[in-house]
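Every number for a ligand or one of its atoms is a count from 1 in the order of the listing. What's counted below: heavy atoms across the whole structure, side chains too, no hydrogens, waters or symmetry copies.
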Amino acid sequence: MPTFISRSADQTVALGQRWGQEAARGWIIGLQGELGAGKTQLVKGLALGLGIRARVHSPTFALLHEYHGGRLVLVHLDLYRLETRKEILAAGLTEYFDHPSGLTVVEWAERWFGTEKHGPGCDRTAAAFYRSVRITSLDEDTRRIVYEDSGG
Ligand SMILES: Nc1ncnc2c1ncn2[C@@H]1O[C@H](COP(=O)(O)OP(=O)(O)O)[C@@H](O)[C@H]1O
Ligand SMILES: [Mg+2]
């Protein structure tokens with residue numbers, strides 16, 4: 001699986017920026033990693049890569065933010081507060097996995113897609129393309145970012 005070692009928040013943003021530039025409509029990117037791993041930094045990069053000027057922050061309390069004004073709409077979900085699939089269903093968020101539009105990025109993606117297999121979770125989304133990303137902190141400034149694509 002492709003692995004990237006990031007040595008600063010800026011390098012993580014730059015990786016997200018490249019992904020934002022290559023993203024196509026309907027992509028879903030699922031992010032796994034502990035608090036402070038750098039998931040939101042990666043989302044900042046996605047926004048930059050799409051040409052979105054708004055400042056990105058974690059939607060932990062809002063569940064979701066949509067950013068317009070870029071090449072694609074960026075839909076940013078954060079499942080941190082939803083612990084079970086039932087809660088995610090009840091919150092009405094599965095619509096975003098069944099009918100993804102623009103670029104959809106999901107923090108705490110394992111809450112919906114599971115961790116069983118660090119992979120596609122194909123039955124959990126109708127997206128044509130799903131990128132499953134895991135970020136691990138190696139030390140204060142170093143992160144290992146591993147990802148796996150399915151579909152596309
Ligand atoms: N290589 C790195 N990649 C991403 N973030 C880093 C890195 N090194 C240090 N950081 C810091 O770690 C924190 C990551 O925060 P954030 O992206 O909000 O995490 P999460 O959304 O996963 O909880 C930020 O304060 C960032 O500056
Ligand atoms: Mg976050």
In this structure, atom 22 (O) of ligand 1 is nearest to the protein heavy atom Lys39 NZ, 2.7 Å

Ser6 heavy atoms within 4.0 Å reach ligand 1 at atoms 1 (N), 2 (C), 3 (N)

Answer yes if a protein heavy atom lies under 4.0 Å from atom 25 (O) of ligand 1, otherwise answer no.
no

Under the side chain to side chain contact (heavy atoms under 4.5 Å, CB included) rule, what do Gln32 and Phe113 come out as? Steps first, then yes or no, please.
CA-CA 10 Å; Gln32 298 179 51; Phe113 296 98; over 6 Å; no

Can you report which non-hydrogen protein atom sits closest to atom 7 (C) of ligand 1, along with the distance?
Ala9 N, 3.4 Å

Leu15, Leu103: one ILVMFWY side-chain cluster at the under-4.5 Å cut-off?
yes

Evaluate Leu89 against Lys86 for side chain to side chain contact (heavy atoms under 4.5 Å, CB included), listing each step before the verdict.
CA-CA 5 Å; Leu89 269 167; Lys86 205 173 151 194; 5.6 Å; no

Can you tell me which residue and heavy atom of the protein come closest to atom 4 (C) of ligand 1, and the distance to 0.1 Å?
Thr12 OG1, 3.4 Å

Counting from 1 in the order shown, the ligand 1 atoms closer than 4.0 Å to a non-hydrogen atom of Leu35 are 23 (O)

Parallel, tilted or perpendicular: which fits the ring planes of Phe129 and Trp27, with parallel below 30° and perpendicular above 60°?
parallel

Minimum-distance protein heavy atom relative to atom 5 (N) of ligand 1
Gln41 CG, 3.6 Å

Side-chain donor-acceptor pair present, Ser137, Glu34, cut-off under 3.5 Å:
no

Short version for Thr40: what comes under 4.0 Å of ligand 1, heavy atoms counted, is both

Atom 10 (N) of ligand 1: closest protein heavy atom, distance to 0.1 Å, is Arg143 NH2, 3.4 Å

For atom 15 (O) of ligand 1, what is the closest protein heavy atom, and at what distance to 0.1 Å?
Gly36 CA, 4.0 Å

Minimum-distance pair of heavy atoms, taken over all atoms of Tyr147 and Met1
O-CB, 3.6 Å

If you look at Glu107, which of its N/O/S atoms is nearest to the Mg ion (ligand 2)?
OE1

Evaluate side chain to side chain contact (heavy atoms under 4.5 Å, CB included) for Trp112 paired with Leu79, printing each intermediate quantity in order.
CA-CA 8 Å; Trp112 180 254; Leu79 304 181; 3.9 Å; yes

Examine Thr40 and say whether one of its N/O/S atoms is closer to the Mg ion (ligand 2) than 2.8 Å.
yes

So which atom in Ser6 and which in Ile145 form the shortest heavy-atom distance, rounded to 0.1 Å?
CB-CD1, 4.1 Å

Of the protein's non-hydrogen atoms, which lies at the shortest distance from atom 19 (O) of ligand 1, and what is that distance?
Gly38 N, 3.2 Å

Mark the output for Glu107 as yes if a heavy-atom distance to ligand 1 is under 4.0 Å, and as no if none is.
yes

